[in-house]
Amino acid sequence: MTNVIQNIENQIEKIVGEAVGKSVAQGELPELEIPQITVEIPRDKGFGDFSTNIAMQLAKSARKAPRFISDVIIKNLDLNDTYIEKVECAGAGFINFYLNNNWLYDTLKAIQLEGQEYGKIELGNGRKVMVEFVSANPTGPLHMGNARGGALGDCIANVLTAAGYDVTKEFYVNDAGNQIEKFGISLEARYIQLLKGEDAIQFPEDGYHGEDIINHMKEYIAAYGDKLLNTEEKERRRILVEFALPRNIENVKSALQSYGVNHDVWFSEQSLYDSGELDETIQILRDKGATVEKEGALWMKGSVMGSDKDEVLVRNNGIPTYFAADIAYHRNKFLKRNFDWVIDLWGADHHGHVARMKGAMAEIGIDPDKLDVVLFQLVRLYRNGEIARMSKRTGRTISLTDLLEELSVNGNDGKDVARFFFNMKASGSHLDFDLDLAVKQSNENPVFYVQYAHARICSMLRLMEDEGYKVPEVNTVNMVLLDKKEEIELIKKLAEFPQEIKISAQSLEPSRLTRYVLDVAGLFHSFYNACRVKGEENELVKARIILVDSTRTVIRNVLNILSISAPEKM
RNA sequence: GUGCUUGUAGCUCAGCUGGAUAGAGCAACGGACUUCUAAUCCGUUGGCCGGAGGUUCGAAUCCUCUCAAGCACGCCA
């Protein structure tokens, strides 16, 4: 809950604002409007610990040179009760603040005090948010796109939880509509083929070709034999779907579970039909005049979606489209279940759907800004330098389960590697997943780098415990002894953690956290090579144990958010 | 054709919502294990930020144009 950096930035904003006010009052600066004061950590350490560009922003309205303005502000700064030791005007007019190390020592105290709570912030204030992700068609196993969406969505949800939101993870089960129809036809074809031979029926070109369909039917036949051969077609398909669908959903659930993904709610598309919400929603759109009837179908007017094309809501055979169901679904999310904010994760190939969805939402009276759609680029799987097919329909797909199995070599947890890899890059960037490399166990594999740092720390602390050193009560420790370059750099990085959570939550980019934890691990390894703990003078040992233990806490907290294990031994 | 996304080091990517001399990992090269885990560390080399204009104190970042790649434009989901 402590966010030292945020506190300092707020403090600097405040004293700078006051200094500007004072300068104006004393006639040193003309009357002016004070813009939002931004405080940031300069990239270059030579420019201090914090800096602000306020003087440049004021230059125009004050009609003075930026450096003159900075000098006036600096002169009027009240530095009492701050960590600030030195203030300088630099460059084009930046005001750079140099702090004494107490803010870093306070950071360590906060980490020791808060433990696994350290890093959490109150950005969300308990706001109710839904993250809907994966939502794969339950017509077959999960593919690489689902794998990326799963890792991304789960981590976004975890980040938002850490940022103080009340998060619900939801899976939308597409158990109605066209693809279920197709699922039934595919099952039926395999059923007949298994009993009467390959040539007995033509397998539909656009059916689901996966082997899992055949396996379902083998199991069905083993249990119930050929009694459906003479059953009426529609009824036969219904029975087969009823048999296979729950099994598929179970498979999806267990695959996700072994991936560390656990949805809170599995929401059935069929339930929108059953409850009448779908009809209700369509009626509302009709009443609003957002629809038009033509060619025997009901269309949503393109004009309400900012498009010149109309979209079908109800087909001429009377069956509503996926789009119609999705509108009803979002109405349910916001109006029936009162979510303040909804985040959908879709593959980038669905981007055309975003504007339509938001247009429809506005039409039924929901603020479209309450919906954020995270589009992630699809994954390309490489094996032996060649693109591996990932289409579910070719039957040669590599499923999530296959992936996890393949990555679980030499005692590694495939889940850890996969989740880390999928979250290393921003969601919008294309992801080439090189199976050969991911399976390889080497220093190219960043997840090991981080886990190794954690295991190394645990090993050190075990050893120190054997020597009679436990992690000391933080207030009994002389922190000032931590003043080596490597120590300071590491603590600064640990101090950034709450801000990293904040930015990850705001940008919906957990990839920031994988990079962050890599930085922490790197700085720790540097510290390890530059400074010793064991064998140093007693007071220094205690201080460094605090630092090492705090580093462990931060690494573990980040890995928790990513749902990646933090091994104590490697 | 229209729309969305992406172009940054040899490769894979960052760049914190417009800041100071554009960063990291890998690769390449050179070093460091009698000492808490060498799955580690230290150092060197490497850039027309796709290109051209514009906006301003200041642009990889914003605008326009342009080139290239991916995706979407169905009574599929």
Side-chain angles (χ1 to χ4, degrees), chain A residues 38 40-44 46-47 51-53 55-57 59-60 65-66 90-94 96 135-137 139 174 177-179 182 206 269 295-299 307-309 311-317 319-323 325-326 346-355 375 377-378 380 424-426 428-432 434 437 441-446 448-453 455-464 466-467 486 496 499-500 502-504 506-507 509 511-512 515 518-519 521-522 524-536 541 544 548 569-570:
Chain A
T38 57
E40 57 184 19
I41 297 177
R43 190 171 311 185
D44 192 322
F47 297 130
S51 117
T52 180
N53 62 353
M56 281 100 104
Q57 291 185 308
K60 202 165 201 176
F94 292 96
N96 295 336
S135 298
N137 274 340
T139 49
N174 302 127
N178 208 40
Q179 78 284 354
K182 211 154 68 182
D206 63 345
E269 179 181 358
E295 298 158 34
L298 183 72
W299 304 66
S307 157
D308 49 5
K309 263 190 201 161
E311 289 289 327
V312 174
L313 289 169
V314 182
R315 301 181 179 89
N316 60 13
N317 63 9
I319 299 175
T321 58
Y322 168 87
F323 181 40
D326 215 18
W346 297 345
D349 53 340
H350 288 63
H351 66 77
H353 192 52
V354 178
L375 295 170
Q377 294 294 331
L378 295 183
R380 264 193 308 203
M424 270 201 305
K425 294 173 188 175
S429 72
H430 292 94
L431 182 65
D432 292 340
D434 185 340
L437 178 74
Q441 198 180 24
S442 74
N443 60 348
E444 295 162 59
N445 211 334
F448 293 131
Y449 184 83
V450 173
Q451 291 184 319
Y452 181 66
R456 198 178 220 184
I457 289 171
C458 292
S459 164
M460 289 171 78
L461 292 174
R462 275 194 301 271
L463 189 86
M464 294 313 293
D466 291 346
E467 303 234 331
E486 287 80 4
E496 288 172 16
Q499 289 294 77
E500 286 295 323
K502 182 179 171 188
I503 297 166
S504 302
Q506 285 170 337
S507 58
E509 275 295 356
S511 60
R512 284 194 68 97
R515 286 193 293 275
L518 276 166
D519 285 349
F524 172 74
H525 287 309
S526 297
F527 158 79
Y528 178 86
N529 276 273
C531 306
R532 292 188 57 78
V533 178
K534 188 186 165 193
E536 294 289 349
V541 169
R544 285 187 174 160
V548 168
K569 280 182 187 167
M570 282 175 82

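Chain letters run A, B, ... following the sequence lines, proteins first, then strands; residues in each count from 1.
- A:Ala59 comes within 4.0 angstrom of nothing in the nucleic acid, heavy atoms only.
- Nearest to the side-chain atoms of A:Met570 among the listed nucleotides B:rG19, B:rA39, B:rG3 stands B:rA39.
- With rounding to whole Å, A:Leu375 atom CG is found 11 Å from B:rC71 atom C1'.
- For B:rA77, the OP1/OP2 oxygens have a side-chain nitrogen or oxygen of A:Arg315 closer than 4.0 Å.
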Give me, pair by pair, the N or O atoms of the protein and of nucleotides 30-34 of chain B that are less than 3.5 Å apart, along with how far apart they are.
none

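- For B:rC41, the OP1/OP2 oxygens have a side-chain nitrogen or oxygen of A:Tyr449 closer than 4.0 Å.
- As judged by a 4.0 angstrom heavy-atom cut-off over every strand, A:Tyr528 is placed among the base-contacting residues.
- As judged by a 4.0 angstrom heavy-atom cut-off over every strand, A:Ser526 is placed among residues touching the sugar-phosphate backbone only.
- The side chain of A:Lys309 places an N or O atom within less than 4.0 Å of a non-bridging phosphate oxygen (OP1 or OP2) of B:rG74.
- Ranking B:rU37, B:rA14, B:rA77 by closeness to the A:His350 side chain, first place goes to B:rA77.
- Across all strands shown, A:Arg515 has heavy atoms under 4.0 Å from sugar-phosphate atoms exclusively, and none from any base.
- Contacts of A:Lys60 with the nucleic acid, taken as non-hydrogen atoms under 4.0 Å apart, involve only primed sugar atoms and P, OP1 or OP2.
- Distances shown here put every side-chain N or O of A:Tyr322 at or beyond 4.0 Å from the OP1 or OP2 atom of B:rA77.
- Distance from the side chain of A:Met460 is smallest for B:rC36 among the nucleotides B:rC36, B:rG19, B:rA14.
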Sub-3.5 Å pairs of nitrogen or oxygen atoms, protein against nucleotides 5-10 of chain B:
from  : atom 1 : to       : atom 2 : distance (Å)
B:rU5 : O2'    : A:Gln377 : NE2    : 3.2

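- In this structure, A:Ser51 contributes its side chain and A:Pro42 its backbone to no donor-acceptor pair below 3.5 Å.
- By the 5.5 angstrom centroid cut-off and the 30-degree plane limit, A:Phe47 is classified as stacked against the base of B:rA20.
- For A:Trp346 and A:His353, the gap between ring centers is short of 6.0 Å.
- Counting non-hydrogen atoms under 4.0 angstrom, A:Asn96 reaches a base of the nucleic acid.
- The nucleotide whose nearest atom lies closest to any side-chain atom of A:His525 is, among B:rA20, B:rC41, B:rU37, B:rC41.
- Taking only side-chain atoms of A:Arg462, from C-beta outward, the nucleotide of B:rC75, B:rC13, B:rU37 with the closest atom is B:rU37.
- Remark: the separation of the C1' atoms in B:rA20 and B:rG15 is 15 Å, to the nearest Å.
- Which of B:rU37, B:rA77, B:rA39 sits closest to the side chain of A:Asn174 comes down to B:rA77.
- Annotated as anti: B:rC67, whose O4'-C1'-N torsion sits more than 90° from 0.
- Side-chain atoms of A:Ser51 and base atoms of B:rA20 include a donor and an acceptor less than 3.5 Å apart.
- Counting any heavy atom pair closer than 4.0 Å across all strands shown, A:Asp349 reaches sugar-phosphate atoms only and no base atom.
- With pairs defined as Watson-Crick or G-U wobble and both atom distances under 3.5 Å, the stems of at least three pairs that touch RNA chain B come out as B:1-7 with B:67-73, B:10-13 with B:23-26, B:28-32 with B:40-44, B:50-54 with B:62-66.
- The interatomic distance linking A:Glu486 (CD) with B:rU40 (P) rounds to 18 Å, in whole Å.
- Using a 4.0 Å heavy-atom criterion, one finds that A:Ala65 contacts no nucleic acid atom at all.
- If you check every strand for non-hydrogen atoms under 4.0 Å, A:Cys458 touches nothing.
- When heavy atoms are screened at a 4.0 angstrom cut-off, A:Asn178 is found touching the sugar-phosphate backbone but no base atom.
- Between A:Phe94 and B:rG19, no base-stacking contact is recorded for ring centres under 5.5 Å apart and planes less than 30° from parallel.
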